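Side chains are part of it too, since the values below use all heavy atoms of this structure and drop only hydrogens, waters and symmetry mates. In this chain, residues are counted from 1 in sequence order. Here the structure is a predicted model, which means the values were calculated and not measured.
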Amino acid sequence: MSKTHGEKASVLAANLIAAQVRSLPVTLLAVSRAFDNGDAALQRMTGQLFERKLQVVKTGSGGNIVAEESSDDALPALPYEKAECLRVIVSNALLAVGLFLREHDMASMRTPEIQFLGRAVDAILNANTFRIAPGHMPVAAFDGLVINASLDGKALFADAGREGFMTFGDAIALLEWLARYLHGEKNYVSGGDAG
């Protein structure tokens, strides 16, 4: 994949974020309602989502061996935890944006909100848990929330009895802020100590 830089990358990032922000409320509501309507609705939805239409084609890789052994009857276990599903949906939106910024060399910007997103992405990739070594780090802050070494070992979002540092509303507000910011950003300059 070729990397895009400057104004074009900024516009692409802003458009990606705007699409996430438009999709998140609808997706969260739909999943929440599916759980609220009970297992029968989830069972129907899961059956439709995992229906296979592809044929196994022999290739040089071992992937076709695994595909031959799979069964259409063996659907994945249903996700019975509503909170976990909602957390994964919001986390995936943050991952998509954060990894886009990394891929296009925009994540090293010293803007506190960009640093905040980067630390949130790191926590998502570490099983929803902050892993922050003590020492100097660029300011990672958004709307009164500050990520620093004191959060090491704590949850990004609430899960399994742990209190979360952020709410889903905080994540959506961060994405909205980033979309507006990146729409106005023309060039990226890093002082070299970000990250």
Under 3.5 Å side-chain donor-acceptor pair for Lys154 and Thr129: no
Glu163 (side chain) donor-acceptor with Ala158 (main chain) under 3.5 angstrom: no
Backbone N/O of Ala155 and side chain of Asn128: donor-acceptor pair under 3.5 Å: no
Pairing of Arg119 and Asp152 as salt bridge, 4.0 angstrom limit: no
Side chains of His104 and Leu12 in contact at under 4.5 Å (non-hydrogen atoms): no
Separation between CG of Leu95 and CD1 of Ile124, rounded to the nearest 0.5 Å: 4.5 Å
Note, Leu24 side chain near Leu175 side chain (heavy atom, < 4.5 Å): yes
ILVMFWY network linking Val88 to Phe35, side-chain heavy atoms under 4.5 angstrom: no
Closest approach of Gln115 to Val139 (non-hydrogen atoms, all atoms of both residues): CB-O, 3.4 Å
Aromatic plane relationship, Phe142 with Phe116 - under 30° parallel, 30 to 60° tilted, over 60° perpendicular: tilted
Shortest non-hydrogen contact between Met106 and Ala13, atoms and distance: CE-CB, 3.7 Å
Geometric class of the Phe165/Phe130 ring pair [parallel <30°, tilted 30-60°, perpendicular >60°]: perpendicular
Side chain proximity check, His183 to Ser10, heavy atoms < 4.5 angstrom: no
SB check Arg33 Asp36 (cutoff 4.0 Å): no
Closest non-hydrogen atom pair, Ala83 against Phe168: O-CZ, 4.4 Å
4.5 Å side-chain heavy-atom contact, Met109 and Tyr181: yes
4.5 Å side-chain heavy-atom contact, Val121 and Arg102: yes
Leu94 side, atom CG; Ile89 side, atom CD1 - distance, nearest 0.5 Å: 12.5 Å
Residue pair Glu113 / Asp143, side-chain heavy-atom distance below 4.5 Å: no
Donor + acceptor pair across side chains of Thr167, Asp170 (<3.5 Å): yes
Trace of the side chain to side chain contact (heavy atoms under 4.5 Å, CB included) decision for Leu178 with Ile114: CA-CA 8 Å; Leu178 289 168; Ile114 299 283; 3.6 Å; yes
Shortest non-hydrogen separation from Val146 to Ala141 and the atoms involved: CG2-CB, 4.0 Å
Leu99 and Glu103, any side-chain heavy atoms less than 4.5 Å apart: no
Asp159 and Glu84, any side-chain heavy atoms less than 4.5 Å apart: no
Nearest heavy-atom neighbours spanning Leu156 and Ala123: CB-CB, 4.0 Å
Test log, rule side chain to side chain contact (heavy atoms under 4.5 Å, CB included), inputs Arg131 and Asp122: CA-CA 8 Å; Arg131 297 285 179 235; Asp122 290 344; over 6 Å; no
Shortest non-hydrogen separation from Phe157 to Met166 and the atoms involved: CD2-O, 3.4 Å
CA sep, side-chain torsions, deciding dist, call: Leu182, Leu101, side chain to side chain contact (heavy atoms under 4.5 Å, CB included): CA-CA 11 Å; Leu182 290 169; Leu101 295 181; 4.1 Å; yes
